[in-house]
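Right, one structure below, let's go through it.
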Amino acid sequence: MNLQAEIPLDYMIILSILVFFIGLMGVLIRRNLITMLMGVELMLNAVNINFTAFNHYLFPHRLEGHFFALIVMAIAAAEAAVAIALIINIYRQFATVSVDDVDELKF
Amino acid sequence: MTGPKIIFFILAISIVVFSILSITSRKILRAAIYLLFVLVAMAGLYYMMNFPFLAAVQLILYAGGIVVLIIFSILLTSQINSKLEPPRRSHLLSGALTAIAGIALSAVTILQFAFKPSSKPAIGTDMRTIGLQLMGTGENGYALPFEVISILLLAALVGSIFIALKNRT
Amino acid sequence: MDYAYTLIILLLPLVTFLGLGLLSKRLPVALAGIIGTANLFIIAALSCATAFTYFTQEAGEAGFEAIEAYKITWLPLTDKLIIHLGILLDPLSVMMLVVITLVSAMVHLYSIGYMKGEKGYTRYFAFLSLFTFSMLGLVVATNIFQMYIFWELVGVSSYLLIGFYYQKPSAVAASKKAFIVTRFADLGFLVGILILSFNTGTFEFQTLTSLQGPVIGQASTAAFMGLSVTTWALLLIFMGGAGKSAMFPLHIWLPDAMEGPTPVSALIHAATMVVAGVYLVARLFPAYALSAPDALTVIMYVGSFTSLFAAVIACTQLDIKRVLAFSTLSQIGYMMVALGVSGYGGEAGLGYMASLFHLFTHAFFKALLFLGAGSVIHAVHSNLMTEMGGLRKSMPVTHLTFLVACLTIAGIPPLSGFFSKDEILVAAFEHNKLIFAVQWLVAGITAFYMFRLYFRIFWNQTPAYHHAPHESPVVMTVPLMFLAIASVVAGFVPFHDLVTSDNKPFETAFHWSIAGPSIAIAVIGILTAAWLYARPSLRPDAISKSLSGVYTAAYNKFYIDEIYLFITKSIIFQFISRPVAWFDRHIVDGTMNFIGNSTVAGSAAIKRMQSGHVQLYIWYFASGVLVLALLILYLN
Amino acid sequence: MTWTDVYILRNEVLLTLLVLYHLIVDLTEGKDNGRLVNGTLFGFGLVTAVGFYPVETTSLFGQMFLSDPLRNTLKLILNISTFIILLQSASWLRKPENQPKTGAFYMLIFSTLMGMSFMISAGNFLMLYLGLETATLPLTLLAAFDKKLRRSAEAGIKLLMSSAVSSAVLLMGLSLLYGSYGTLYFSEMASLTDAQALSVFGLVLFVAGFGFKLSLVPFHLWTADVYEGSPLPVTMYFSVVSKGAALFTLMLVLYNVFTLYPKSWTLAAYLLSVTTMVVGNLFALRQKNLKRFLAFSSITQAGFMMLGFVNNDNLGMTTVVYFMMIYSLSNLAVFGVLSMVFNATGKENIEDFNGFYLTNPRLSLIMLLALFSLAGIPPVAGFFGKFFLFTAAAAKGLYILVFIAVINATISLYYYLLVVKAMFINKSEAPVATLTSTWQEKLAFTICLVGIAAIGFVSGVYDYIASLI
Amino acid sequence: MNPLLFLILIPVLTVAGIALVKDLKQVRVISAVGMGAQLLFSFYLVYLFYSLRNAGNTDAMLLVSTSTWYEAFNIQYKFGIDGISLSMIVLTSLVTFAGVFASWQVDFLTKEFFISLIILASGVFGFFISLDLFTMFLFYEVAVIPMYLLIGIWGSGPKEYSAMKLTLMLMAGSALLLVGLLGIYFNSSPEGGRLTFDLTEIAKVSIPRDAQLFFFPFTFIGFGVLGALFPFHTWSPDGHASAPTAVSMLHAGVLMKLGGYGAFRVAMYLLPEGAHAMAWIFIILTTISVVYGAFGAIWQKDLKYINAYSSVSHCGLVLFALLMMNETATTGAILQMISHGLMTALFFALIGMIYGRTHTRMIDEMGGLMKVIPFLSVVYVIAGLASLGLPGLSGFVAEMTIFVGSFQNSDTFHRIATIVACSSIVITAVYILRVVGILLLGPIKNEHYNELKDAKWFEKVSTITLVISITAIGMAPFWLSALIREPLGDIIQHLIARL
């Protein structure tokens with residue numbers, strides 16, 4: 001499949017940017033820690049589009065982008081695990097997972 | 001419109017739409033499901049770009065692992081039926097502004113860049129090549145990251161368990 | 001001649017001062033007076049010997065030669081301007097040595113009696129020695145800076161002695177006033193020295209007054225506001241002299257200075273220190289006369305006005321020491337007038353000679369008057385003439401000597417005052433008729449107020465004294481008698497052969513045409529005083545009532561003190577100092593505090609940034625990245 | 001893999017072994033952890049000591065892992081700091097409620113340290129990112145380590161959320177760099193580098209990601225909350241080791257990879273330096289809680305460190321490393337005193353230190369010297385560190401920046417003196433009782449004090465660092 | 001070993017000695033012995049200096065020793081003295097010696113007090129012997145920082161505020177200074193040789209004019225803050241008012257001199273063109289300082305405030321004279337530093353002693369002290385007379401040298417400035433006599449003052465040391481003047497040569 005001829009790189013990049021900032025916006029506006037985490041996952045996935053697209057379109061002689069995406073996935077998994085543990089911990093202490101209520105440390 | 005193009009657009013549109021839905025849906029479980037759709041569509045994209053291994057990992061790890069984790073945590077911490085509070089208007093506004101500014105800035109910066117494709121011959125993306133590189137210790141070998149990430153996962157998981165566990169007494 | 005021994009004259013009082021000052025606790029009290037007095041007699045003898053040797057030497061073509069008996073480098077300021085300390089002997093300084101040491105010796109002797117039993121007896125003699133040292137240093141100064149140094153030192157010894165009764169608030173105030181007013185004048189002196197020395201490159205009197213020297217020899221071309229720079233310099237220097245000599249309008253400290261012990265008033269505020277201004281002008285006289293005649297004119301008018309002004313006030317005062325103080329002002333005014341009307345060289349320098357002659361005689365009779373007044377005060381325990389009267393019987397020696405002094409100052413021949421005053425009048429007459437008229441009138445007023453004093457003390461009615469007044473002890477009357485004799489004979493010193501403007505003797509003629517009227521007006525003054533005050537009468541009150549406005553003004557010293565008070569309290573304190581202090585605390589300090597406070601306020605203002613909401617943190621992060629990226633992409 | 005390779009990887013391998021050991025111990029250890037603590041101290045002491053053996057400049061895994069004397073020294077600095085922290089945390093760990101956590105604590109600490117070690121030695125952005133995450137994720141767990149405390153849980157989640165976003169941003173930057181250069185290997189990038197908008201954009205995102213770790217304003221907001229919420233040993237670890245690792249890595253990358261267009265990153269360092277110093281100071285002024293106070297103080301110090309980056313020469317690098325070393329020792333001394341007081345009384349506010357000198361003169365003096373060192377007062381080492389940083393900035397003619405920095409140093413003196421004032425001047429009704437220190441604490445203080453006192457006066461330390469670069 | 005190092009070594013050993021002993025008395029004795037040794041040693045240095053000179057050594061700096069410290073920055077331990085620094089060293093040891101005795105009765109944390117005090121002094125000594133800008137700056141800060149503790153712990157009144165204000169302002173000054181020093185350093189080799197912090201080396205090169213213009217104000221104001229330059233002087237009244245006796249003594253007596261010395265040695269000497277171009281601004285500021293300080297003092301009621309403002313005035317005169325840039329005025333400036341150092345130390349010592357007896361520093365609340373404590377009162381009068389410039393005491397010598405020197409600049413601007421500055425002698429007389437009049441003379445205001453005891457032996461040691469020094473300088477200024485003047489010829493030549 002000759003993707004380069006069909007779909008320009010720019011499309012991929014625009015897609016990645018859109019997803020990245022949608023994810024960021026998710027982190028910024030959602031009031032639930034779990035949904036914020038989903039935003040983070042979106043951002044990581046957006047970066048992965050970039051890595052794979054660059055690798056595929058521009059630098060196919062090595063698999064750097066590919067492996068980077070792979071590692072990012074693994075780390076995203078670890079991050080999710082840690083996040084879930086912390087969220088459960090928060091839930092235990094604060095009886096809520098709303099980020100607005102977790103603001104005792106300030107100023 | 002050729003076939004790949006159509007497929008790409010379907011994937012792209014579903015990624016964007018489900019992303020937006022995932023961050024706006026007021027039902028938390030639905031948000032998770034929308035995220036799952038995004039992740040699956042991503043896998044499709046990888047497959048299109050000739051990275052079948054990556055697509056598979058995406059499906060297994062993300063769709064299969066992370067989303068499940070998220071759903072578990074939702075079940076543990078929230079009532080599934082209750083609607084989420086809508087975002088604050090100020091947050092919405094500032095968030096949207098930041099996102100739009102960010103999109104504009106990145107798009108302008110990236111799209112005006114003249115990418116220089118490599119002229120070297122492409123390398124295959126078959127499992128053999130990937131496996132060899134993943135375990136290689138020399139040039140283009142990824143054994144070291146592979147090892148390190150194992151430690152990372154180990155530490156993160158044990159630590160997570162430690163934190164998430166109720167106190168041992 | 002070798003005059004090295006003159007160093008002893010200078011140093012002995014210093015040693016005495018240090019000795020008495022440091023050992024004041026350990027020394028038997030009585031010894032202090034004896035040591036002090038003995039030391040003064042020694043240096044008085046030495047001074048007289050010096051004078052004798054000096055004046056009996058053969059005066060050369062150029063008159064008496066100035067001799068630098070001693071000279072050390074004290075502080076080199078620039079290559080040319082070097083402060084030396086030394087002893088300069090010329091007719092002027094030798095004459096002053098004699099006057100100072102003699103009067104000082106008498107005052108010391110007198111003080112043994114007068115100060116007996118006072119607290120701080122030792123301190124008193126220490127200060128007197130300090131003063132003597134300073135005054136001697138002043139007169140033998142070889143250069144203007146040495147003079148300035150000792151000028152300040154006499155100022156401070158005067159301050160210490162006026163404030164001798166330091167627990168008395170009025171004495172403290174008076175001493176402070178004296179110091180500050182003269183200090184203010186000294187500012188002018190200092191600036192004058194700076195200007196003069198910069199333009200001439202020297203501090204040395206010898207060079208400054210040399211006819212070929214930089215002041216006189218090279219006419220100053222630079223001018224400032226119509227007067228040459230030299231004139232300005234000399235005027236400023238005169239300002240210093242005017243301060244010390246209490247010329248109007250810097251006179252206000254002198255009457256208050258009477259708060260000090262009376263012998264001090266006699267020594268410092270009558271005989272010696274207050275004439276330092278005259279001495280200063282005389283010292284630089286060639287420069288004034290040849291290079292800055294405008295300055296001399298100023299001196300003349302200032303002197304004349306002061307003499308009249310002070311004489312009028314003296315007529316109204318009741319405190320006998322204040323009367324004497326104003327009389328001193330008036331007499332110094334005479335001396336200034338004489339310098340002001342004088343020219344340089346030979347006959348033209350008559351005024352110069354007369355001025356110093358009057359300085360010489362005035363020292364004796366004014367000291368005598370003060371000591372006599374002291375004797376009276378000692379007996380009556382009051383300064384006010386209203387509480388005195390009829391003392392001629394109980395205090396015969398004081399009475400007689402006082403009378404001699406009064407006659408002398410009134411200018412009755414053949415007493416010394418007559419001669420010296422007469423020379424002044426002659427000089428004035430030849431120079432400026434208006435000034436002559438004023439001085440002639442002042443002579444009459446002088447006679448009037450002195451005899452007003454005399455009659456009120458020794459005649460008039462006797463009030464009821466607490467203790468019957470009696471004559472003072474011998475240590476006090478001996479100086480009185482000595483000074484009385486000196487007052488009588490001093491007039492016969494051939495001054496025109498000794499102390500003249502160009503150090504060359506010249507002949508003076510006696511002018512009956514001027515002496516006659518002056519004797520006449522003196523007699524009129526005496527008789528008026530006798531008519532008003534010899535017997536108790538209502539006439540003085542009647543006259544003062546009829547002149548109420550003038551009288552009250554004169555009694556209140558024409559409100560000059562109040563003007564000064566206004567300037568110091570309301571302008572310097574309230575309008576400068578207080579705002580400066582306020583400005584410092586509130587504006588300057590306030591600015592610093594404001595900087596500190598605004599930092600704290602800035603801290604409070606941005607505290608919301610750290611709101612505790614992690615989403616906001618992330619938002620800051622994201623927008624921070626975007627802004628940074630924008631900045632770098634577009635600044636780069 | 002040969003023994004030589006293992007020798008080159010010695011620090012990482014040994015740390016991995018420690019991690020694995022504690023993983024096992026965590027599952028088996030009984031009640032009393034005394035032996036475990038001391039054993040670990042001894043073991044880690046050995047690991048630190050091993051770092052003193054020199055290494056050659058070389059690389060492994062096809063440029064993926066770089067090793068040279070400079071990197072070895074940087075790791076050594078981190079190891080020593082960690083060693084001091086472990087010494088000081090011993091009595092905290094010996095508390096009954098913390099005993100069960102010992103194994104997990106050590107495991108997480110060592111795994112992050114290993115991550116940092118890889119981060120510093122990275123020869124490829126993939127390795128660097130991996131190291132960074134290895135250094136971050138377990139740390140978020142450590143921040144939440146006081147499971148019973150709300151504030152600890154809050155610290156953990158705040159750190160996790162913001163660091164996740166920051167690492168996503170950093171990743172975006174890396175992807176853009178990859179797109180513009182076609183490689184992620186340092187050695188290849190260094191020669192290809194040319195300044196284009198995209199690479200600069202990528203660089204900025206990368207710097208922002210590290211700015212987050214370094215707590216540069218405006219990427220710093222997590223710092224104070226996390227420092228305050230975390231257990232004290234973890235706070236120390238954040239403020240010294242984690243920050244140091246990020247600083248060293250950023251430095252190595254900027255100086256080695258983006259050598260050819262320093263203009264963009266020196267400009268970034270300039271701007272971040274100013275904002276960081278100013279905002280850090282303004283916040284530090286108002287703090288009452290000593291941990292929070294030290295958080296903002298460390299933010300300000302990071303602003304000073306940026307001065308070294310402004311100078312894109314060897315001088316800049318040397319002064320940054322030198323300063324970080326001094327900062328670590330000084331900060332650890334302050335934290336050491338704080339942790340002794342906190343362990344004994346549970347107090348951690350500045351006002352709790354009122355009258356401290358009268359009861360604990362030695363500790364007060366240690367604190368005094370350490371604070372003076374942080375404030376840059378001679379003759380202690382901080383003065384030299386700061387002076388050289390200023391010199392580095394001035395060498396580029398940026399006197400205005402130097403001036404801003406020095407004024408900020410003066411403001412920082414103000415709040416350091418507030419602590420001094422509390423200890424020496426303020427009176428207290430109930431001062432902290434006289435404390436006795438354990439041998440671990442004594443050893444830790446000795447190391448810190450010797451460092452604070454000697455590093456400035458012995459110019460050899462500076463010369464040694466300079467010789468590495 | 002370079003004998004100058006003993007100037008640092010003796011205080012360090014003293015501090016060590018104090019730290020080792022427990023007993024209060026021993027602490028005092030060790031401090032006194034240490035500082036006495038320091039005093040004797042500084043006299044020995046004078047002897048050494050002259051014997052070297054007489055042996056024909058004509059170097060600008062004597063007893064120079066250099067050893068490399070930071071090779072990378074070309075920082076050296078470089079020490080040396082000339083007449084100016086030597087006289088400042090003697091001043092410092094005198095004031096420190098007197099200060100130790102003035103603090104004999106400190107009973108709260110005595111050990112710490114003396115340690116801080118002596119550390120402060122050693123910073124000052126180090127500063128004066130340094131010939132390397134880095135070490136100079138280092139010692140400068142070493143001297144400043146103990147002030148915080150000294151005022152904060154042993155002070156009185158709003159001590160915390162004052163201590164903080166003083167420290168921060170001085171440190172802000174040193175912030176400016178640091179920028180200036182770095183600027184000098186990076187321009188120290190315009191032809192591209194090795195950069196250097198070495199004072200004598202920098203003096204040999206010609207720093208580019210625009211660099212001089214840029215860095216001169218930084219350096220000069222940096223030192224000027226410590227020298228109480230208007231309007232950066234406000235740390236002084238509060239700081240002095242709150243400081244304990246010996247600290248006020250050392251601070252006003254010695255520390256403020258670092259400002260003048262540095263402004264001359266560093267700012268003007270190394271940046272002559274900048275100095276020439278900007279002198280007029282600072283002449284205006286210092287002239288204001290001189291008059292403003294004096295007027296400010298008139299209105300004060302607190303003895304220490306009076307003295308602090310008086311210091312502003314007198315120190316203003318120092319900077320004023322330095323800016324005149326001729327040999328005489330500069331000699332005067334340094335004489336004034338020494339003179340002011342001694343007499344203000346004496347003042348603060350006396351104020352401390354009086355305060356120790358009457359427990360107030362408000363002049364309104366006191367009166368007639370001359371009768372009850374004659375020794376202290378007489379010494380106070382002597383200090384006052386020195387302050388108002390009485391011949392025979394040191395103040396006169398210094399002021400006259402300054403005035404004559406400044407008058408050598410013959411343009412109208414300098415003339416007017418000089419005359420305005422001269423007028424301070426009158427204002428000084430006003431406030432000094434006002435204080436003497438209210439405080440010492442007049443009737444006793446408070447009954448129980450009758451029971452006050454006069455000076456104890458240690459107080460006498462302290463005050464007499466200073467009085468003797470003041471009188472000695474006042475009586476025989478030529479030695480000191482010659483000592484100071486000796487190196488000045490070359491320095492002034494250097495300043496003028498680059499015009």
Side-chain angles (χ1 to χ4, degrees), chain C residues 21 72-79 81 83 119 134 145 148-153 155-156 159-160 163 166-169 171-173 175-177 179-180 183-184 186-187 190-191 193-195 197-198 568 572-573 576-585 587-593 595-596, chain E residues 165 168-169 230-235 237-238 292 295-300 309 326-328 331-332 368 370-371 381 385 388-392 396-397 400-401 403-405 407-408 410 418-419 422-423 425-427 429-431 433-434 436-438 440-444 476-478 481-482 485:
Chain C
I72 60 159
T73 303
W74 190 62
L75 182 64
L77 291 177
T78 69
D79 298 337
L81 297 178
I83 304 180
K119 250 185 86 77
S134 321
F145 220 104
Y148 181 75
I149 290 171
F150 285 97
W151 190 270
E152 292 294 316
L153 281 176
V156 90
Y159 166 78
L160 293 172
Y166 61 83
Q167 287 187 292
K168 215 164 108 190
V172 174
S175 61
K176 195 166 83 184
K177 189 174 180 183
F179 194 90
I180 289 169
R183 201 62 198 310
F184 175 68
D186 294 349
L187 176 62
L190 177 62
V191 175
I193 294 176
L194 292 180
I195 298 175
S197 61
F198 178 77
T568 50
I572 295 184
F573 275 58
I576 301 179
S577 245
R578 194 176 179 187
V580 163
W582 183 90
F583 178 83
D584 194 68
R585 288 286 89 191
I587 307 293
V588 181
D589 205 31
T591 311
M592 298 303 163
N593 284 339
I595 293 172
Chain E
K165 183 168 167 183
L168 289 184
M169 279 193 72
F230 174 88
F232 308 106
H233 64 276
T234 60
W235 54 269
D238 292 319
Y292 176 92
F295 273 119
I298 290 183
W299 197 252
Q300 304 304 321
Y309 279 103
N326 64 50
E327 209 177 316
T328 309
T331 313
M370 181 67 89
K371 193 166 157 52
V381 172
L385 293 177
L388 59 75
L390 183 77
F396 177 82
V397 177
M400 289 308 131
T401 316
F403 294 146
V404 172
F407 217 77
Q408 305 302 310
S410 56
T418 308
I419 290 172
C422 282
S423 70
I425 63 170
V426 182
I427 314 167
V430 172
Y431 67 77
L433 295 185
R434 172 172 167 267
V436 168
I438 298 177
L440 307 176
L441 312 178
I444 296 173
F478 34 87
S481 161
R485 190 178 283 268

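In what follows, chains are A, B, ... by sequence order, proteins preceding strands, each numbered from 1.
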note = Ranking Ile180(C), Ile587(C), Val172(C), Leu77(C) by heavy-atom pairs under 4.5 Å to chain E gives rank one to Leu77(C)
query = With only heavy atoms counted, which part of Ser134(C) is less than 4.5 Å from chain E, the side chain, the backbone, both or neither?
reply = neither
ask   = Roughly how far, to the nearest 0.5 Å, is the CD1 atom of Ile193(C) from the CZ atom of Phe407(E)?
value = 11.5 Å
key: Where Asp584(C) and Pro237(E) come nearest, the two heavy atoms and their spacing   = OD2-CG, 4.5 Å
Trace of the side-chain contact (heavy atoms from CB on, under 4.5 Å) decision for Lys177(C) with Leu433(E) = CA-CA 9 Å; Lys177(C) 189 174 180 183; Leu433(E) 295 185; over 6 Å; no
key: Contacting moiety of Phe230(E), where chain C heavy atoms sit under 4.5 Å   = side chain
ask   = Where does Asn593(C) contact chain E at under 4.5 Å (heavy atoms): side chain, backbone, both or neither?
value = side chain
key: Which portion of Thr401(E) sits near chain C, non-hydrogen atoms under 4.5 angstrom   = both
query = Does the side chain of Arg183(C) come within less than 4.5 Å of Ile425(E)'s, by heavy atoms?
reply = yes
inquiry  = Please find the pair of heavy atoms, one from Leu190(C) and one from Cys422(E), that lie closest to each other, and give the distance.
reply    = CD2-SG, 4.2 Å
key: Option that, when pairs with chain E are counted at under 4.5 Å, heavy atom only, ranks first among Phe150(C), Tyr166(C), Phe583(C), Trp582(C)   = Tyr166(C)
Point-to-point distance, once rounded to the nearest 0.5 Å, from CZ of Arg585(C) to OG1 of Thr234(E) = 7.0 Å
request  = Kindly indicate whether the side chain of Val436(E), heavy atoms from C-beta on, has any atom under 4.5 Å from the side chain of Tyr159(C).
outcome  = yes
query = Which one of Pro231(E), Pro477(E), Pro443(E) has the most heavy-atom pairs closer than 4.5 Å to chain C?
reply = Pro477(E)
query = So do Leu194(C) and Phe403(E) actually touch side chain to side chain, heavy atoms under 4.5 Å?
reply = yes
task = Sort Ile195(C) into side chain, backbone, both or neither according to what part of it lies under 4.5 angstrom from a heavy atom of chain E.
result = both
query = In terms of heavy-atom pairs under 4.5 Å with chain C, which of Leu441(E), Ile427(E), Leu168(E), Thr331(E) leads?
reply = Leu441(E)
ask   = To the nearest 0.5 Å, how far apart are OG1 in Thr328(E) and CG in Asp79(C)?
value = 7.5 Å
note = For Ala581(C) and Gly296(E) the tightest heavy-atom approach is CB-O, 4.5 Å
message = Working note: Val430(E) + Ser577(C), criterion side-chain contact (heavy atoms from CB on, under 4.5 Å); need CA distance, chi angles, decisive distance, verdict.
response = CA-CA 11 Å; Val430(E) 172; Ser577(C) 245; over 6 Å; no
ask   = What distance separates Glu152(C) CD from Met400(E) CE, expressed to the nearest 0.5 Å?
value = 7.0 Å
key: Intermediate values then yes/no, side-chain contact (heavy atoms from CB on, under 4.5 Å), Val588(C) and Tyr292(E)   = CA-CA 12 Å; Val588(C) 181; Tyr292(E) 176 92; 3.6 Å; yes
query = If you count heavy-atom pairs under 4.5 Å between each of Leu81(C), Leu160(C), Asp589(C), Leu75(C) and chain E, which one has the most?
reply = Asp589(C)
key: Which portion of Ile149(C) sits near chain E, non-hydrogen atoms under 4.5 angstrom   = both
key: Heavy-atom contact with chain C under 4.5 Å, split by part of Leu385(E)   = side chain
task = Starting at NE2 of His233(E), measure out to CE of Met592(C) and round the result to the nearest 0.5 Å.
result = 8.5 Å
inquiry  = Would you call the rings of Trp74(C) and Phe396(E) parallel, tilted or perpendicular, taking 30° and 60° as the class edges?
reply    = tilted
key: Phe184(C), part contacting chain E, at a heavy-atom distance under 4.5 Å   = both
task = Measure the spacing between OG of Ser197(C) and CD of Gln408(E) and express it to the nearest 0.5 Å.
result = 7.0 Å
remark   = Okay, Arg485(E) and chain C: the region with an atom under 4.5 Å from a heavy atom over there is side chain
